[in-house]
Each structure stands twice: as C-alpha cells, then as structure tokens.
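Notes follow the structure.
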Amino acid sequence: MAWIVLVLSGLLETAWAIALDRSAGFSRLVPSVIFVVALILSMGGLAYALREIPVGTGYAVWVGIGAVGTALVGMLALHESASLPRILCLFLVIAGVVGLKFFH
C-alpha cells in the first residue's frame, strides 16, 4: 500500500508544480487553490509512505515521478521542447526510479 500511495503522491507533485506555474505568482485563485490542496495531499502521502519505505528511496522515487510527470506535461500540453536528448534524460530518471523500487 505504501508504494501505491507514494506513486499517487508523486503524481500529485506534478499537479502542484503545474498549478504553481499556472497560478502566476499566486495571482490566480483556482490554480493557487489547486496548488495548495495538491501540495498538502502530496506531502501527506509522502509522509505516510515513508512510514514503510526508507526515506532515501521514497523521496527519490517521489521526486522522480514528479519531475518526469511535470516535464511530460510541459512537453505534451505546454509546448515545451520535446527534443531527443530531453526524452532520453527522462528515460534515465524513469530507469532510476524503477531501479530504486526493484532494489528496495
């Protein structure tokens, strides 16, 4: 169960990162509220998962999921560069996250 919560918390990290960008420095209400709610849920889920998963592994997986998710949303929805080197680097992050889970 801790791993499921950790993955969901990592996805929520993507949500709060995108909402933070869309909040325009907290000047837009809806994205600002989404940011706060997603941040609280993401941190709460991370805290829950760390009760069973070592902090080094859990935090690295959480950050990796959030970073890859945020970069993918940026590329697919926000028209950020989707160059081959960027995509290869994202695969390296994914490989690291999978490796941390596998060798846990």
Side-chain angles (χ1 to χ4, degrees):
M1 184 64 167
W3 281 99
I4 293 169
V5 171
L6 183 63
V7 169
L8 293 174
S9 295
L11 295 174
L12 284 167
E13 185 186 3
T14 296
W16 67 251
I18 298 300
L20 179 60
D21 175 61
R22 294 298 174 206
S23 75
F26 300 114
S27 65
R28 298 178 60 215
L29 179 61
V30 173
S32 297
V33 170
I34 292 170
F35 164 77
V36 170
V37 171
L39 178 68
I40 290 169
L41 292 172
S42 180
M43 290 290 177
L46 175 62
Y48 174 84
L50 291 181
R51 293 179 357 187
E52 294 183 30
I53 300 169
V55 67
T57 301
Y59 184 73
V61 168
W62 179 76
V63 169
I65 292 169
V68 169
T70 303
L72 287 175
V73 170
M75 285 188 258
L76 297 173
L78 305 177
H79 310 294
E80 294 178 6
S81 170
S83 66
L84 183 60
R86 286 189 81 201
I87 293 168
L88 290 174
C89 288
L90 289 178
F91 277 114
L92 289 172
V93 173
I94 292 167
V97 168
V98 170
L100 285 171
K101 167 61 174 126
F102 182 73
F103 295 113
H104 166 69

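These numbers come from a predicted model, not from an experiment. As a basis for the values below, the full set of heavy atoms in this structure was taken, side chains included, without hydrogen atoms, waters or symmetry mates.
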Can you tell if the side chain of [X] reaches within under 4.5 Å of the side chain of [Y], non-hydrogen atoms only?
X    : Y   : result
V5   : S9  : yes
L90  : M75 : yes
F103 : T57 : no
R28  : F35 : no
E52  : W3  : no
L46  : Y59 : yes
P31  : F26 : no
E13  : L41 : no

Legend entry - hydrophobic_cluster_shared for V7 and I4, side chain cutoff 4.5 Å: yes
Working to the nearest 0.5 Å, report the span between [atom1] of [X] and [atom2] of [Y].
X   : Y   : atom1 : atom2 : answer
L39 : L12 : CG    : CG    : 10.0 Å
R86 : F91 : CZ    : CZ    : 13.5 Å
L6  : I65 : CG    : CD1   : 5.5 Å
L72 : I94 : CG    : CD1   : 6.5 Å

Return the minimal non-hydrogen interatomic distance between [X] and [Y], and the atom names on each side.
X   : Y   : answer
A82 : I87 : O-CD1, 3.4 Å
S27 : S32 : N-OG, 4.4 Å
V97 : G64 : CG2-CA, 3.9 Å

